[in-house]
Amino acid sequence: MPPPSTVRGLLAAATGAPCESLAFGMTAWSEGDGVDAETYHPIDATGLNPAVSGRVRAGKGGMTLRSRPFLTGVHLTVWLPGREGDRVARAFPRPRWALCLGRSQDLVHVEARAQVMLEPVEEAIVGHALAPVAGHDVPSEIAHRMAASISTDRMSTRWSDYLWCDLPAGRHRVRGAYQDTG
């Protein structure tokens, strides 16, 4: 599941705005996952081993190999309500910047766009969707702390807690939820 901050970045890439702060709903699932070995070149905080051409010499702050989990075939649905949502949705056919889910190789292909009517509900099938804390009381829920937004200068991050169920949990009482009437 991409964090909300990544989806906000995707929306901003579509419109070309520095940030998009409108409310939105989202759900996602992936066809698979894996682990990649990725090389990092951390920069020494003291400035004694500066990066040259994107690399630092070996030693403290030198090259580091880390495992990076990734998802394949990610399917993301985003609901963009109201006038602001219409404005952002109109930008997707001709986005200002490349659409990606985080890293530059994680390109996004928009498959469909539809206008739907959402209605408040008190009971819903809980599955692959982020929910606000206290959005439901499913026993298999997992609370995740995720980046909700990142400042345009990337110096500060606003974190929020969300509920997630790895597997569809069936029909449960929900709070603050909406359902597509179509």
Side-chain angles (χ1 to χ4, degrees), residues 1-36 38-43 51 54 66 68-120 127-135 142-166 174 176-182:
M1 171 63 99
S5 61
T6 297
V7 175
R8 287 192 185 288
L10 177 74
L11 302 178
T15 64
C19 64
E20 289 293 350
S21 58
L22 73 157
F24 65 88
M26 63 188 256
T27 183
W29 64 277
S30 70
E31 295 174 15
D33 60 73
V35 178
D36 191 11
E38 187 162 281
T39 304
Y40 289 83
H41 298 277
I43 298 173
R66 295 198 180 163
R68 185 181 77 81
F70 64 91
L71 299 174
T72 61
V74 175
H75 296 260
L76 174 69
T77 301
V78 180
W79 290 272
L80 304 168
R83 283 186 172 166
E84 284 297 286
D86 290 340
R87 177 186 59 80
V88 172
R90 284 193 307 271
F92 275 96
R94 295 187 50 84
R96 191 66 163 291
W97 302 104
L99 301 178
C100 57
L101 283 176
R103 307 177 72 78
S104 60
Q105 69 263 30
D106 301 333
L107 293 177
V108 169
H109 170 73
V110 178
E111 291 182 359
R113 176 181 161 210
Q115 191 160 8
V116 299
M117 181 65 72
L118 298 177
E119 292 183 353
H128 297 92
L130 282 183
V133 171
I142 300 168
H144 289 284
R145 182 162 268 274
M146 302 173 94
S149 64
I150 299 172
S151 65
T152 54
D153 63 4
R154 302 182 69 75
M155 296 299 287
S156 63
T157 302
R158 186 174 59 81
W159 298 89
S160 292
D161 293 327
Y162 299 91
L163 300 179
W164 173 258
C165 293
D166 285 331
V174 293
Y178 294 84
Q179 181 174 301
D180 181 347
T181 60

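Along the sequence shown, residues carry numbers from 1. Owing to the predicted nature of the structure, the values given are computational and were not obtained by experimental measurement.
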Can you see which heavy atom on [X] is nearest to which on [Y], and at what distance?
| X | Y | result |
| --- | --- | --- |
| Leu76 | Pro2 | CD1-CG, 4.2 Å |
| His144 | Trp164 | CD2-CB, 3.6 Å |
| Pro81 | Ala23 | CD-O, 3.2 Å |
| Thr72 | Asp33 | OG1-N, 4.0 Å |
| Ala89 | Pro93 | O-CD, 3.7 Å |

Backbone of Cys19 reached by a side-chain donor or acceptor of Arg8 within 3.5 Å
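No.
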
Can any side-chain N or O of Ser151 pair as donor or acceptor with the backbone N or O of Ser156 at less than 3.5 Å?
yes

Neighbour count above 12 (heavy atom, 6.0 Å) for [X] [atom1]:
| X | atom1 | result |
| --- | --- | --- |
| Gln115 | CD | no |
| Arg96 | CZ | no |
| Phe70 | CZ | yes |

[atom2] on [Y] to [atom1] on [X], rounded to 0.5 Å:
| X | Y | atom1 | atom2 | answer |
| --- | --- | --- | --- | --- |
| Leu99 | His109 | CG | NE2 | 11.0 Å |
| Phe24 | Leu10 | CZ | CG | 9.5 Å |
| Arg158 | Ile150 | CZ | CD1 | 11.0 Å |
| Leu163 | Ile142 | CG | CD1 | 10.0 Å |

Check whether any side-chain heavy atom of Leu22 sits under 4.5 Å from a side-chain heavy atom of Leu11, and report yes or no.
yes

State which residues pass salt bridge (Lys or Arg N to Asp or Glu O under 4.0 Å) with Asp161; sequence neighbours excluded, sorted by chain then number.
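Arg145.
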
What salt bridge (Lys or Arg N to Asp or Glu O under 4.0 Å) pairs are there with at least one residue in residues 106-118, not counting sequence neighbours?
none

